[in-house]
Amino acid sequence: MTATTDSTIELTLLQPDDWHIHLRDGAALSTTVRHAAASFNRVICMPNLVPPVKNIVDARSYRERILQHLQACDLSPERKVAFDPRMTLYLTDHTTVQDIEAAAQSGIVQAVKLYPAGATTNSADGVTDINACVDVFEAMEKHDLPLLLHGEVTHDHVDIFDREKRFLDEVLAQIIVKFPTMKIVVEHITTSDAADFVLAQGNQVAATITPQHLMFNRNHLLVGGIKPHFYCLPILKRASHQKVLLDVATSGNPKFFMGTDSAPHPIDAKESACGCAGCYSAAAALPLYATAFDSVGKIDKLEGFASRFGAQFYGLPVNQSTITLVNTPMQVPTHYPYFDGRKLTPLMAGETLPWSIKSQ
């Protein structure tokens, strides 16, 4: 619903969910949980910790640590009650059918995450042979536990800008043929190839899209010098791919929904000789998405993308609480305090966004 008062535009949405977020662990949670819980009700928490979240025991323990930090946050009691971290299991070569059955029965595990070994941050324990996962995929299909994919091959000879398409053609297409009813989310898609692939599948296949892949392309990363805070995996692609992602995200098609892939890395780890991959967007995610949608005149499509389609795909109720955006500019902080005296640089640090979240 949009309300106009003089030149001020307010956009009230159902509370959004983030279907792909990295909260990390330990002292990092004091920052990441507060930022996530301020805007989102449900968040799907990535399992690539050190060590990873491999089974239901790990998942319960991780969720308890998140909730402990939530209680220490300076948020309203209503926000704390509403915040629901949904767990994922990290799929490895040693994941068992029993692990899947326990996760499906737990009530807290939303999905299983597949990282090809070596694809991204903390993915060394990822799957090395997809053909060895047949029994696990059968169990996931049986128990309606979705598979979340980091969709890139990791072969050294494959160009980094081609790795997503190669994964779709060589890996994911085979999985879908063998397990046609298993729910699959192709996470943080970056190419027109991925958008077209998802559109060509049945309703059991969906995708998340990040704010950085809607707002930026590889020129923003590379022209005029390397910008480490735009570096993420999968890497930013051509402007033509960015345009297609904007088209599908703002189309009202329920196959595409919000997943920030917000990933915190301290400044010293990003601005280094070998900088970490990941953009931190959790605190300003909704204004970032609003800016992207408004840039193509489709802000009226934001609620479906942010607040409805993900819940519907996962078979969960749509949130009843609301959040209001207003076209009052906000300046993204240059950094946030992080643990051990370190600092965390957000996406678009120091820049001004045309939308902000209205104070409650």
Side-chain angles (χ1 to χ4, degrees), residues 13-24 32-33 35-48 53 59 62-63 66 82-91 103 108-115 120 140 144-151 182-190 194-195 198 201 203-214 232 234 245 248-250 252-263 278-286 288-290 292-293 301-319 321 323:
L13 310 173
L14 294 174
Q15 203 81 34
D17 301 301
D18 188 348
W19 301 106
H20 181 128
I21 194 170
H22 296 269
L23 298 178
R24 305 300 188 215
T32 59
V33 171
H35 287 165
S39 295
F40 303 116
N41 277 9
R42 289 165 297 215
V43 295
I44 287 189
C45 305
M46 291 297 104
N48 56 332
V53 178
Y62 184 35
R63 191 170 192 271
I66 292 170
F83 188 62
D84 181 12
R86 309 299 299 167
M87 299 293 101
T88 50
L89 296 192
Y90 189 120
L91 185 64
I108 63 168
V109 175
Q110 197 66 57
V112 176
K113 180 62 183 278
L114 189 158
Y115 293 100
T120 189
M140 291 170 60
D144 197 27
L145 197 61
L147 175 67
L148 313 184
L149 295 166
H150 182 108
M182 180 167 62
K183 281 188 173 181
I184 294 173
V185 180
V186 192
E187 299 203 289
H188 43 53
I189 63 170
T190 66
V198 171
Q201 308 307 314
N203 291 335
Q204 84 283 10
V205 178
T208 57
I209 308 178
T210 74
Q212 63 264 26
H213 290 106
L214 293 178
C232 58
L245 295 182
V248 296
T250 62
N253 190 314
K255 281 176 161 285
F256 302 96
F257 43 83
M258 179 187 290
T260 64
D261 194 20
S262 180
C279 299
Y280 189 68
S281 59
L286 205 53
L288 287 165
Y289 280 112
F293 276 59
K301 300 293 187 182
L302 181 59
E303 184 179 68
F305 178 86
S307 311
R308 293 184 181 275
F309 300 154
Q312 292 166 359
F313 179 83
Y314 283 103
L316 298 169
V318 172
N319 296 319
S321 56
I323 191 168

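- Interatomic distance, CD of Gln212 versus OG1 of Thr190, reported as 10.5 Å (0.5 Å rounding).
- A side-chain hydrogen bond (donor to acceptor under 3.5 Å, both in side chains) with His20 is found for one member of Thr210, Asp261, Thr260 and no other, namely Asp261.
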Q. Between Asn253 and Val248, does a side-chain contact (heavy atoms from CB on, under 4.5 Å) hold up when you go through it step by step?
A. CA-CA 7 Å; Asn253 190 314; Val248 296; over 6 Å; no
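- Residue Gln110 comes nearest to Leu316 through the heavy atom pair OE1-CD1, 3.6 Å, listed as atom of the first residue, atom of the second, then distance.
- Residues Ser321 and Asn41 share a closest heavy-atom pair of OG-ND2, 3.4 Å.
- Expressed to the nearest 0.5 Å, how far SG of Cys279 lies from NE2 of His22 amounts to 11.0 Å.
- A cation-pi geometry, defined here as NZ or CZ lying under 6.0 Å from the six-membered ring centre and within 45° of its normal, holds between Lys183 and Phe313.
- Residues Tyr90 and Tyr115 bring their aromatic ring centres within 6.0 Å.
- At a threshold of 4.5 Å between non-hydrogen side-chain atoms, the residues Asn319 and Ser307 do not count as touching.
- Between Tyr280 and Thr32, the shortest heavy-atom distance links the atoms OH-CA, 3.7 Å.
- Between the CG atom in Leu214 and the CZ atom in Phe305 there is a gap of 5.5 Å [rounded to 0.5 Å].
- With rounding to the nearest 0.5 Å, the separation of CZ in Arg24 from CG in Asn48 is 5.5 Å.
- Note: Thr88 OG1 to Ile108 CD1 = 10.5 Å, rounded to the nearest 0.5 Å.
- Summarising the geometry, atom CE belonging to Met140 is positioned 7.0 Å from atom CG belonging to Leu91; distances are rounded to the nearest 0.5 Å.
- For the pair Asp18 and Arg86, the salt-bridge criterion is not met [side-chain N within less than 4.0 Å of a carboxylate O].
- Listed for the Gln15 side chain is no donor-acceptor partner under 3.5 Å among the backbone atoms of Phe40.
- Ring pair Tyr314/Trp19 is parallel by interplanar angle, where below 30° counts as parallel and above 60° as perpendicular.
- The minimum heavy-atom distance between Pro85 and Arg63, with the atom names listed, is O-NE, 2.9 Å.
- In this structure a side-chain-to-backbone donor-acceptor pair under 3.5 Å is present from Lys255 to Val205.
- For Lys113 (side chain) and Pro47 (main-chain N/O), no donor-acceptor pair under 3.5 Å exists by modelled atom type.
- Minimum heavy-atom separation, Ile209 to Leu245: CD1-O, 4.0 Å.
- Of the possible donor and acceptor atoms, none in the side chain of Glu303 sits under 3.5 Å from a partner among the backbone N and O of Arg308.
- The shortest side-chain heavy-atom distance between His213 and Ile189 does not fall under the 4.5 Å cut-off.
- Closest non-hydrogen pair, Ala103 versus Leu145, comes out as CB-CD2, 4.1 Å.
- Ring planes of His188 and His150: perpendicular class, angle over 60° (limits at 30 and 60°).
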**Q.** side-chain contact (heavy atoms from CB on, under 4.5 Å) assessment of Leu148 paired with Met46
**A.** CA-CA 10 Å; Leu148 313 184; Met46 291 297 104; 4.2 Å; yes
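- The closest side-chain heavy-atom distance from Asp17 to Phe257 is not below 4.5 Å.
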